[in-house]
Number of protein chains: 2
Amino acid sequence: MSLPHTLLGLLKYKPNTGYNIKTAFASSINFFWEVSLPQIYRTLNSMETRGWLDSDIEHQDGRPSKKIYRITPEGDREFAQWLEQAPEAVKPKDELLVKLFFGGFMDHQTLTGHIKDRRNKAEQFLKSAGEIIPPSVREYADKADAGQDIPFWLLTLDLGRRRAQMTIEWCDETLRILEKNNRKKEES
Amino acid sequence: MSLPHTLLGLLKYKPNTGYNIKTAFASSINFFWEVSLPQIYRTLNSMETRGWLDSDIEHQDGRPSKKIYRITPEGDREFAQWLEQAPEAVKPKDELLVKLFFGGFMDHQTLTGHIKDRRNKAEQFLKSAGEIIPPSVREYADKADAGQDIPFWLLTLDLGRRRAQMTIEWCDETLRILEKNNRKKEES
DNA sequence: AGTATATATATGCGTATGTATATATTAACT
DNA sequence: AGTTAATATATACATACGCATATATATACT
């Protein structure tokens with residue numbers, strides 16, 4: 001459970017609304033942590049109950065009122081303490097791997113189709129990681145007055161890039177082996 | 001949601017008990033999908049309610065009775081249909097990346113400590129992937145009469161190996177950059 | 001002799017999360 | 001003129017999942 005702490009981190013840069021935080025996610029953390037808007041609202045709400053956040057309502061003409069959350073001293077302490085703790089291990093849950101595991105029950109075309117899809121997604125990510133993400137990260141950093149943290153953000157992006165590259169290589173090698181095994185099977 | 005389908009796949013090899021399926025996980029799918037024992041029991045139960053499984057009780061002297069689940073024709077159809085569907089995208093949720101993202105709020109030692117831990121885990125996995133996993137996979141394949149599926153299982157293992165290798169390289173490069181930036185900061 | 005581990009199934013409780021839906025207005029597009 | 005997207009918050013419902021606990025016995029370890 002670290003969504004609350006992720007939100008604490010973003011609110012440390014500046015007070016913000018749930019809606020705005022969602023757009024902040026979209027241009028940064030979203031690449032390694034997907035969150036929906038209702039989830040953000042619910043979490044902010046429970047964080048306020050726990051005393052980690054305060055909020056002010058800002059009325060607007062025509063638009064719905066904004067609820068601007070601010071981190072409290074308790075929230076600040078909680079965040080600092082969380083950063084110290086050893087991060088939870090990643091729990092990989094990869095449906096493609098399960099299907100490949102049961103590849104013996106599938107026909108060749110369907111299985112290789114799934115793997116080609118994965119390869120395409122990785123390639124698309126590589127493109128956006130090179131062209132789209134870094135500018136949008138810089139844009140968000142400006143908005144949040146967090147320019148000094150860009151180096152850290154680019155390091156997280158670098159892992160995404162390496163992961164995508166690795167995925168492409170694994171897909172190619174896997175497809176090669178599956179084709180080879182399939183030819184053998186058809187011959188016999 | 002694909003745990004039910006994963007269980008269907010394992011039960012296609014042969015009827016089995018929840019307890020035994022857990023040990024089957026431990027020597028194969030567990031490397032890319034962690035599941036607890038209560039979760040398996042609960043899922044098997046709901047699958048039986050849905051008509052995907054049947055079960056027989058086998059009484060034993062001294063030991064608790066075994067509940068042996070068997071896949072039904074409905075379960076079989078469900079599994080075949082699931083294999084055809086495009087696999088869900090992986091939703092990465094990596095706490096280390098969040099902490100690195102907020103690296104500006106941490107001291108250098110703590111952050112690099114977290115990254116070194118990640119590197120150690122990847123190295124341990126590489127060792128077990130080379131020495132321990134393949135034999136245990138083969139052992140399970142024998143037990144499940146699934147020798148012909150070993151090639152697929154080794155392909156999933158190969159992704160784990162590549163991921164670990166990539167992780168090590170990223171950790172090394174990240175540590176290098178963090179050290180460099182830290183030296184600059186201390187000089188100024 | 002006492003403790004831990006393996007075998008075997010299961011419930012309870014709390015949290016996390018996905019999807020759908022409700023509400024309200026403005027701007028932009030077709 | 002009508003539809004969609006963007007701005008802004010929130011609830012309802014269902015599923016998934018982690019962790020603790022209950023029960024019962026045999027074996028292995030210290």
Side-chain angles (χ1 to χ4, degrees), chain A residues 1-8 15-27 29-30 32-50 52-53 55-69 82 87-95 98 143, chain B residues 1-7 15-27 29-30 32-50 52-53 55-69 82 88-95 98 143:
Chain A
M1 179 194 77
S2 57
L3 177 60
H5 299 92
T6 309
L7 298 177
L8 285 176
N16 218 340
T17 67
Y19 189 85
N20 230 14
I21 286 174
K22 171 65 180 162
T23 66
F25 256 86
S27 55
I29 294 172
N30 209 227
F32 51 90
W33 192 308
E34 274 172 57
V35 187
S36 69
L37 200 45
Q39 209 183 330
I40 287 176
Y41 283 124
R42 262 186 307 227
T43 306
L44 288 172
N45 207 288
S46 80
M47 289 164 75
E48 193 174 18
T49 307
R50 265 182 282 182
W52 296 355
L53 301 179
S55 67
D56 285 316
I57 305 288
E58 191 187 297
H59 292 284
Q60 299 183 114
D61 289 339
R63 291 275 162 75
S65 297
K66 283 183 180 178
K67 193 169 180 184
I68 301 168
Y69 286 97
W82 175 78
E88 272 175 45
V90 184
K91 284 170 204 155
K93 204 159 279 193
D94 193 334
E95 219 178 85
V98 180
K143 269 194 254 171
Chain B
M1 179 195 79
S2 57
L3 178 59
H5 299 92
T6 309
L7 298 178
N16 218 339
T17 67
Y19 189 86
N20 231 15
I21 286 175
K22 169 65 181 163
T23 66
F25 256 86
S27 55
I29 295 171
N30 210 227
F32 52 90
W33 192 309
E34 274 172 55
V35 187
S36 68
L37 198 45
Q39 210 183 327
I40 286 176
Y41 283 124
R42 261 188 301 232
T43 305
L44 287 171
N45 207 287
S46 79
M47 289 164 74
E48 192 174 19
T49 306
R50 265 181 282 181
W52 297 355
L53 301 179
S55 66
D56 284 315
I57 305 288
E58 190 187 299
H59 293 283
Q60 299 184 113
D61 289 339
R63 291 276 160 77
S65 298
K66 283 182 179 179
K67 192 169 181 183
I68 300 168
Y69 286 98
W82 175 78
E88 272 175 44
V90 184
K91 285 172 203 154
K93 205 158 277 192
D94 193 334
E95 219 178 84
V98 180
K143 268 194 254 171

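The chains referred to below are lettered A, B, ... by the order of the sequence lines, with proteins before strands, and numbering in each begins at 1. Atom set for the values below is all heavy atoms of this structure, side chains included, hydrogens, waters and symmetry mates excluded.
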Q.
Is the phosphate of C/dT17 approached by B/K93 (side-chain N or O, under 4.0 Å from OP1 or OP2)?
A. yes
Q. Sequence neighbours excluded, which residues qualify as side-chain contact (heavy atoms from CB on, under 4.5 Å) partners of B/S46?
A. B/R50
Q: Name all residues meeting the side-chain hydrogen bond (donor to acceptor under 3.5 Å, both in side chains) criterion together with B/S55; count only those two or more places apart in sequence or in a different chain, and write none if there are none.
A: B/E48
**Q.** Gap between atoms CG and P, on A/L44 and C/dT17 respectively (whole Å)
**A.** 13 Å
Q: Could you state the atom-to-atom distance from CZ of A/R50 to C1' of C/dG14 in whole Å?
A: 12 Å
Q: Quick one: list whatever passes side-chain contact (heavy atoms from CB on, under 4.5 Å) with A/Y41, sequence neighbours left out.
A: A/Y19, A/L37
Q. B/H59 has an atom NE2; how far is it from atom C1' of D/dA24, in whole Å?
A. 15 Å
Identify the pairs formed between an N or O of the protein and an N or O of nucleotides 9-12 of chain C at a distance under 3.5 Å, and give each distance.
from   : atom 1 : to    : atom 2 : distance (Å)
C/dT9  : OP1    : B/K67 : N      : 2.7
C/dT9  : OP1    : B/K67 : O      : 3.4
C/dT9  : OP2    : B/Y19 : N      : 2.9
C/dT9  : OP2    : B/Y41 : OH     : 2.9
C/dA10 : OP1    : B/K67 : NZ     : 3.4
C/dG12 : O6     : B/R42 : NH1    : 2.7
C/dG12 : O6     : B/R42 : NH2    : 3.4

Q) Rounded to the Å, how far apart are A/K22 NZ and D/dA5 P? A) 16 Å
Q: For A/S2 and A/H5, indicate whether the former's side chain and the latter's backbone hold a donor-acceptor pair under 3.5 Å.
A: no
Q) Who pairs with B/V35 by side-chain contact (heavy atoms from CB on, under 4.5 Å), at least two apart in sequence or on another chain? A) B/L3, B/F25, B/W33, B/Q39, B/I40
Q: Starting from P on C/dT15, measure out to CD on A/Q39 and report it in whole angstrom.
A: 15 Å
Q | With sequence neighbours excluded, residues passing side-chain contact (heavy atoms from CB on, under 4.5 Å) with A/P87 | A | B/E95, B/L96, B/K99, B/H114
Q | Interatomic distance where CD1 belongs to A/I21 and P belongs to D/dT9 [whole Å] | A | 9 Å
(Q) Could you tell me how far apart A/E34 (CD) and C/dT17 (P) are, to the nearest whole angstrom? (A) 12 Å
Q: Measure the distance from CD1 on B/I40 to C1' on C/dT7 and round it to the nearest whole Å.
A: 15 Å
